[in-house]
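Chain A is the first sequence line, chain B the second, and so forth, proteins listed ahead of strands; every chain is numbered from 1.
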Amino acid sequence: MSQVITRFAPSPTGHLHIGGARTALFCWAFARRSGGRFMIRIEDTDQARSSEESARGILEDLAWLGIEWDDGPTLEVGSLSEASRPGAADASEKRGARVIGADARPVGPYFQARRVPIYTRYLRQLVQHGRAYPAFETSEVLEAQRKAAVAAKQTYRYDRASWKAITTPIDRLAAMDKADREGRPYVIRFFAPHEEIIVHDQVLGDVKYAAGEMDDFVIRKADGFPTYHFAVVIDDELMGVTHILRAQEHLNNTPRHVALQKALVIHPDDAAPGRPAGSPFRTPIYGHMPLIFNMDATKMSKRDKAKAARKAAKDAIAKDRSITAATLAAATGLDEKLIADFLAAENDSLDVAARLAKHFKVTLPEVEVWDYRQNGYLPHAITNFLSLLGWNPGLKTEDGKDLEKFDNAFLAAHFAIDRIGKTNAKFDRNKLLSFNADAIAALSDEQFASSWMDWMRQYEPEAHSTISRLAPAQLLTLARALKPRAKTLRDALRPAAFALTGDDDFAFEPAAVEKNLSANERAGLKLLAEFKPRLEAIADAGWTPESINTTIETFAKEKGMPNAGPVAQPLRVALTGTSVSPGMAETLAVLGRASTLKRIERCLSTVGR
RNA sequence: GGCCCCAUCGUCUAGCCUGGUCCAGGACGCCAGGUUCUCAUCCUGGAAACAAGGGUUCGAAUCCCUUUGGGGUCACCA
């Protein structure tokens, strides 16, 4: 058989959904495994909802995940995070800009909105062949009919009134031309064949649809754009797609696509070597993948964010009656009516959701790749976890456990359709978090430092500029201290708090002070004062985690302490203001000799007054 | 409601195709211990599932049927 070609065809109506990312990943992996090509096509036939920004965002997220396409729109990527993508960093990438995507075969354009002339000729072909027809009913009329049918507990079917009204292909074409001239809107419907359709699904097996199940669905909208069903069939044929892996929600669409493929032939304008005009459309190989749900079994959706933000706002309002849309508008800088509508569930604005979440200090559920990226997840942790949702390599590690940890290259080498599962999966954010923590732990200190800095530069610029002032050795020490304490890159901000604050800018927590400094007649303070000269005795050049650790241990031993705790805790409070922080050796080393002594003095003088 | 798909621990899953080695294995989470200067990491142990009922068979998580449960889809959205 000819070369395998798979595609991912997102609709650019928002960010890349986590489920879409898995679809793309599997299509990519299958193409790679088969030595084929992976293609991206942008399905922007919904004029109202599509946007170029979101198309670009989706491409960027895919590239970030390491899912790169051979055919499709081009995307220039800057210097991606090297350390977080081991194996992906070649010389050209390090030099800077690089372009993903091209039209080498060529079969573009890859934006459906630019392919309207192509769809039009096939639309006319179908009408000409008596397999489609213009329909002039308005959607209002049809909606009324549909409602009546539902009320009568009947399955609604379009009654083919327009098919019956004009009886020959020539008259239908003429009617279309006339309507076009007069600017009168109409749709084109496919004349559904009365025959059984069998879909040979590689995941689910043969799925049969009885004759008469299909209705005359619309293939061209009144605005002149094709519907999804039509565009997808035309494009997959013309773009040479051989395998279609998509979510199970599309399973019931497949008979429509198969029926269209049976009705269509190659138009003279699209004739190509081996595909002469008149040759019938081919049916690609289908595989429908299980769906991904939230842990509470609801469908994962952008709306989850709106719901969460709305709930947070309503909970707050229930507690404090003085909060209204007006006060929220003042606090968030948003329009009052927008907020009122949002609260009344009249809109699900993501912008409102984000601002309310920030205002009420709640975390919105992560449903898009972008959310995870922003929150400090590593791309290969995400793709690794996603790989396991509905697929499994079926291999064991040396110690007999299921092989779960692998990278994109492994997936590309081992992916097989016959190991795709049939059962829907719930998205366990906990397990993803654990995968991310493991991925972070697996980074070298250098890699962690570089990934963390990259991430901060984009999402926490203030922290980035502060940490940038550290010497390279200090940064590595900090990285070592942070790594086991961070499940995400964002997580590392908390244990790094001591390094992000100025020597005089943090407060000493009363509870920590009481327990570790004031208790037992200020035992902690006395110890701290006694220990300070030991630190002063360390020369600037010898200020390393090792020497600091030795100093602490030695001092504790001299004092006859069972361990270094009694020394470390007062020190910890003095340097960080809290009783929780990374190890003292690392903390002091990152702070440096001067800051350390300054903080101890400040503690002694403020707390020990 | 019509049509279609699915069914192993709370969750992701291995095992199912090619019945016996499965009183069902791993991972996440959870619980209990241990290491440690706090927190975290790390280590050890534990609880936890074949939806139900019929068959077929010497033998069924594995094959068949029914029931139940879950999901998808029925747009001029993809």
Requested in this report: Sticking with atom C1', work out how far B/rG15 lies from B/rC31, rounded to a whole angstrom.
Outcome: 27 Å
Query raised in the report: How far, in whole Å, is B/rC6 from B/rU13 if one measures between their C1' atoms?
Result: 16 Å
Query raised in the report: Taking only side-chain nitrogens and oxygens of A/Lys221, does any of them come within less than 4.0 Å of OP1 or OP2 of B/rC77?
Result: yes
Report task. Taking atom P in both B/rA7 and B/rA14, compute the distance separating them and give it to the nearest angstrom. Result -> 11 Å
Requested in this report: State yes or no: are the ring centers of A/Tyr156 and A/Tyr158 separated by less than 6.0 Å?
Outcome: no
Report task. For A/Lys422 and B/rC4, give me the distance from atom NZ to atom C1', rounded to whole Å. Result -> 14 Å
**Report entry** Whole-Å C1' distance, B/rG29 and B/rU67
**Finding:** 33 Å
Query - Rounded distance in Å - CG (A/Asp46) to C1' (B/rA78) - result: 8 Å
Query raised in the report: Which part of the nucleic acid, if any, lies within reach of A/Tyr209 when heavy atoms closer than 4.0 Å are counted: base, sugar-phosphate only, or nothing?
Result: sugar-phosphate
Query - For atom CG of A/Leu482 and atom C1' of B/rC39, their distance in whole Å - result: 12 Å
Query raised in the report: Excluding sequence neighbours, so at least two apart, what forms side-chain hydrogen bond (donor to acceptor under 3.5 Å, both in side chains) with A/Asp348?
Result: A/Arg310
Report task. Would you kindly give the CG-to-C1' distance between A/Leu433 and B/rU41, to the nearest whole Å? Result -> 14 Å
Query raised in the report: Which nucleotide, B/rU38, B/rU13, B/rC3, lies nearest any side-chain atom of A/Glu213?
Result: B/rC3
Report task. Report which part of the nucleic acid A/Glu137 touches: base, sugar-phosphate, or nothing (heavy-atom distance under 4.0 Å, all strands). Result -> base
Report summary line: Applying the 3.5 Å cut-off to both distances, the Watson-Crick or G-U partner of B/rU11 turns out to be B/rA27
Query raised in the report: Does B/rC16 have a Watson-Crick or wobble partner in any strand here, with both distances under 3.5 angstrom, and which is it?
Result: none
Query - Length of the line joining A/His17:NE2 and B/rC77:C1', which is rounded to integer Å - result: 15 Å
Query raised in the report: Does A/Ile600 reach the side chain of A/Leu571, with side-chain heavy atoms less than 4.5 Å apart?
Result: yes
Query raised in the report: Mind checking the P distance from B/rC17 to B/rG2? Whole angstroms is fine.
Result: 33 Å
Query raised in the report: OP1 or OP2 of B/rC39 less than 4.0 angstrom from a side-chain nitrogen or oxygen of A/Thr578, does that happen here?
Result: no
Report task. Go through the structure and list residues passing side chain to side chain contact (heavy atoms under 4.5 Å, CB included) with A/Pro255, not counting sequence neighbours. Result -> A/Ile197, A/Val199, A/Tyr209, A/Met214
Report summary line: From the list A/Arg189, A/Arg131, A/Arg160, salt bridge (Lys or Arg N to Asp or Glu O under 4.0 Å) with A/Asp216 holds only for A/Arg160
Query raised in the report: What interatomic distance, in whole Å, is found between C1' of B/rU68 and the corresponding atom of B/rG54?
Result: 14 Å
Query raised in the report: Do A/Arg572 and B/rU38 share a donor-acceptor pair, side chain to base, under 3.5 Å?
Result: yes
Requested in this report: For A/Arg419, answer base if it contacts any base atom (sugar-phosphate contacts may also be present), sugar-phosphate if it contacts only those atoms, and nothing otherwise; contact means non-hydrogen atoms under 4.0 Å.
Outcome: sugar-phosphate
Requested in this report: Remember a base hit wins even if backbone is also touched, and classify A/Asn549 as base, sugar-phosphate or nothing at under 4.0 Å, heavy atoms.
Outcome: base
Report task. Quick one: pull up CG in A/Asp236 and CZ in A/Arg41 and give me the separation to the nearest 0.5 Å. Result -> 4.5 Å
Check: protein-nucleotides 71-75 of chain B nitrogen or oxygen pairs below 3.5 Å:
{"unit_1": "B/rG71", "atom_1": "O2'", "unit_2": "A/Asn424", "atom_2": "OD1", "d": "3.1"}
{"unit_1": "B/rG72", "atom_1": "N2", "unit_2": "A/Asn252", "atom_2": "ND2", "d": "2.6"}
{"unit_1": "B/rG72", "atom_1": "N3", "unit_2": "A/Asn252", "atom_2": "ND2", "d": "3.2"}
{"unit_1": "B/rU73", "atom_1": "OP1", "unit_2": "A/Lys299", "atom_2": "NZ", "d": "3.4"}
{"unit_1": "B/rU73", "atom_1": "O4'", "unit_2": "A/Asn252", "atom_2": "ND2", "d": "3.2"}
{"unit_1": "B/rA75", "atom_1": "OP2", "unit_2": "A/Arg146", "atom_2": "NE", "d": "3.1"}

Requested in this report: Whole angstrom is fine here: how far is it from CD1 in A/Ile219 over to P in B/rA78?
Outcome: 14 Å
Query - Separation between the C1' atoms of B/rC77 and B/rA60, rounded to whole Å - result: 46 Å
Report task. For A/Tyr228 and A/Asp46, test the side chains for any donor-to-acceptor distance below 3.5 angstrom and give the result as yes or no. Result -> no
Requested in this report: Return the value, rounded to whole Å, for the distance between atom CZ of A/Phe190 and atom P of B/rC76.
Outcome: 16 Å
Query raised in the report: What nucleic acid atoms does A/Pro290 come within less than 4.0 Å of, heavy atoms only: base, sugar-phosphate, or nothing?
Result: nothing
Query raised in the report: What residues form a side chain to side chain contact (heavy atoms under 4.5 Å, CB included) with A/Ser54, not counting sequence neighbours?
Result: A/Pro12, A/Ser51
Query raised in the report: How would you list, by chain and number, every residue that makes a salt bridge (charged side-chain N to carboxylate O under 4.0 Å, His left out) with A/Lys396, sequence neighbours excluded?
Result: A/Asp402
Report task. In whole angstrom, give me the gap between the C1' atoms of B/rU21 and B/rC3. Result -> 43 Å
Query raised in the report: Which part of the nucleic acid, if any, lies within contact of A/His288, taking any heavy atom under 4.0 Å across all strands shown: a base, the sugar-phosphate backbone alone, or nothing?
Result: nothing
Query raised in the report: Is the closest side-chain donor-acceptor distance between A/His288 and A/Asp201 under 3.5 Å?
Result: yes
Query - Nearest to side-chain heavy atoms of A/Thr423, which nucleotide of B/rU13, B/rC77, B/rC4 - result: B/rU13
Query raised in the report: Which is true for A/Ala425 with a 4.0 Å heavy-atom rule: it touches a base, it touches only sugar-phosphate, or it touches nothing?
Result: sugar-phosphate
Report task. Determine the contact category for A/Thr254: base if any of its heavy atoms lies under 4.0 Å from a base atom, sugar-phosphate if only primed atoms, P, OP1 or OP2 are that close, otherwise nothing. Result -> nothing
Every protein N/O lying under 3.5 Å from an N/O of nucleotides 26-35 of chain B:
{"unit_1": "B/rG26", "atom_1": "O2'", "unit_2": "A/Asp402", "atom_2": "N", "d": "3.3"}
{"unit_1": "B/rG26", "atom_1": "N2", "unit_2": "A/Glu404", "atom_2": "OE2", "d": "3.2"}
{"unit_1": "B/rA27", "atom_1": "OP1", "unit_2": "A/Lys401", "atom_2": "NZ", "d": "2.9"}
{"unit_1": "B/rA27", "atom_1": "O4'", "unit_2": "A/Glu404", "atom_2": "OE1", "d": "3.4"}
{"unit_1": "B/rA27", "atom_1": "O2'", "unit_2": "A/Glu404", "atom_2": "OE1", "d": "2.7"}
{"unit_1": "B/rA27", "atom_1": "O2'", "unit_2": "A/Lys431", "atom_2": "NZ", "d": "3.4"}
{"unit_1": "B/rA27", "atom_1": "N3", "unit_2": "A/Lys431", "atom_2": "NZ", "d": "3.0"}
{"unit_1": "B/rC28", "atom_1": "O2'", "unit_2": "A/Lys431", "atom_2": "N", "d": "3.3"}

Query raised in the report: Do you see a donor-acceptor pair shorter than 3.5 Å between the side chains of A/Thr298 and A/Asp296?
Result: yes
Query - Heavy-atom pair with the smallest gap, counting every atom of A/Leu388 and A/Pro393 - result: CD1-CD, 4.1 Å
Query - Touch class at under 4.0 angstrom, heavy-atom based, for A/Thr13 against every strand present - result: nothing
Query raised in the report: How close or far is atom P of B/rU36 from atom CD1 of A/Ile552, stated in whole angstroms?
Result: 16 Å
Query raised in the report: Quick one: are the ring centres of A/Tyr133 and A/Tyr186 less than 6.0 Å apart?
Result: no
Query raised in the report: Contact class for A/Met584 (heavy atom, under 4.0 Å): base, sugar-phosphate, or nothing?
Result: base
Query raised in the report: If you check every side-chain atom of A/Leu142, which of B/rC77, B/rC76, B/rU11 has the closest atom?
Result: B/rC76
Report task. Would you kindly compare A/Gly390 and A/Gly583 by the position of their nearest RNA chain B nucleotide and give the one closer to the 5′ end? Result -> A/Gly390
Query raised in the report: B/rG2 pairs with which nucleotide, Watson-Crick or G-U wobble, both distances below 3.5 Å?
Result: B/rU73
